S.K.: 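Please read through the structure below; I'll follow up with questions.
Whatever order the structure lists ligands and atoms in, that order sets their numbers, starting from 1. For this chain, numbers begin at 1 and follow the sequence in order. Just so you know, these numbers come straight off a predicted model, no measurement behind them.
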Amino acid sequence: MSFLTPEARPLLPVVILLSGTGTNFSAIAAAAAAGALPVEIKLVVSDKPDAPGLERARKLNIPTCYLRMADFPNRAAHDQAMAQAIDAAAPKLVILAGYMRILDTAFITHYQGRLLNIHPALLPEFKGLNTHQRALDARVQWHGCTVHFVCDELDAGARIAQARLKILENDSAQSLAQRVHQLEHILYPAVIAWYASGRLRETDGVAYLDGHPLTAPILIGDTDA
Ligand code: GAR
C-alpha cells in the first residue's frame, strides 16, 4: 500500500519509440506537462533519423536517439543495441507510439509486462498495416484503436482498452485516420496513467486493472459519431 498522495508520487520514467509523425508522443508529453500523467519521458528512440517525432522531442528538450536498421547486420543486433540505449535511460515502461517495425523476440521478452503499443484498429480486427482502408473495405460499422501489452505475436498481446467511432458514409481512409488519431490521443495517455499509478499490470499474458483480469478491453470515451 502506498501512503503517497498522487502529487507526491514520483514520476514514472518512460521511453518512447516511434518511426513517424509523433502525434501520440506529443499527446503523452502534453498530458505529462499538464500534470495529468505522472510520467517523465527520459528518451525518445526512432529507427528513422528523420522521423518528425524526434524533432518534436528535441523541441521539448527531451533526449533522442536513432538506430537505423541498415547499420546493423540483422534485426536481433539492431534491437539489442536499441535495448542497450533504452536501458541506459532506466525506464519502468517502454511505449511504442507509431513504431513501425516488428520487434525481435529477445527485445519483447526483455520488456515483457512493461511494453505497451497502440494500434489503429479494434483488435483483434485488422492486425498489421493499412487498417483504415481495410475497415472501409470490410464495411464494418465501428472502427477505432486499441492499447495492448506487446507479446511475441504481432498485435496479439493482452488488450487493455479501446476507443471507437462509427464509420460515416463519406469516410475515406484519410478521414478515418484523422478521426482515429484524435481517439488515440485520449486513449493512450489514459492507459499510461493507469500503469504509472500502479493500477495496470500484465502477468502471464493477462492484463489486470485494479487486480481484476481484463477479459475484454475497457471501452473509453464511446462516441456515436
Ligand atoms: C498511430 O495511428 C498508431 O496507432 C500507428 O501509427 C500511428 C502513429 O501516429 N501505429 C501502428 O500502426 C503500429 N502498428 P503518430 O506518429 O502521429 O503518433
S.K.: Is L18 in contact with ligand 1, taking contact as a heavy-atom separation below 4.0 Å?
M.R.: no
S.K.: Any idea which of G20, P52, G22 brings a heavy atom closest to atom 16 (O) of ligand 1?
M.R.: G22
S.K.: Quick one: are Q162 and I218 in side-chain contact, heavy atoms under 4.5 Å?
M.R.: no
S.K.: Is it the case that H185 and T23 place a side-chain donor and acceptor less than 3.5 Å from each other?
M.R.: yes
S.K.: Could you check whether any side-chain heavy atom of V147 comes within less than 4.5 Å of a side-chain heavy atom of N117, counting everything from C-beta outward?
M.R.: no
S.K.: Which ligand 1 atoms does T21 reach within 4.0 Å, using its non-hydrogen atoms?
M.R.: 16 (O), 17 (O)
S.K.: Below 3.5 angstrom, do we get any N/O pair linking E184 and ligand 1?
M.R.: yes
S.K.: Before accepting this row, confirm whether a basic side-chain N of the pair R199/D210 lies closer than 4.0 Å to the acidic partner's carboxylate O.
M.R.: yes
S.K.: Are R159 and T146 linked by a side-chain donor-acceptor pair shorter than 3.5 Å?
M.R.: no
S.K.: Taking both backbone and side-chain atoms of D155, is any N or O found less than 3.5 Å from an N or O belonging to ligand 1?
M.R.: no
S.K.: Checking a contact table here: which protein heavy atom is nearest atom 7 (C) of ligand 1, and how many Å away?
M.R.: H181 NE2, 4.1 Å
S.K.: Strictly by modelled atom types, are H143 and H132 linked by a side-chain donor-acceptor pair under 3.5 Å?
M.R.: yes
S.K.: Flag Y99 as yes when one of its N or O atoms lies below 3.5 Å from any N or O atom of ligand 1, and as no otherwise.
M.R.: no
S.K.: To check your reading of the model: name the closest protein heavy atom to atom 6 (O) of ligand 1, its residue, and the distance in Å.
M.R.: G98 CA, 3.7 Å
S.K.: Closest non-hydrogen protein atom to atom 17 (O) of ligand 1, residue and atom name please, with distance?
M.R.: T23 OG1, 2.5 Å
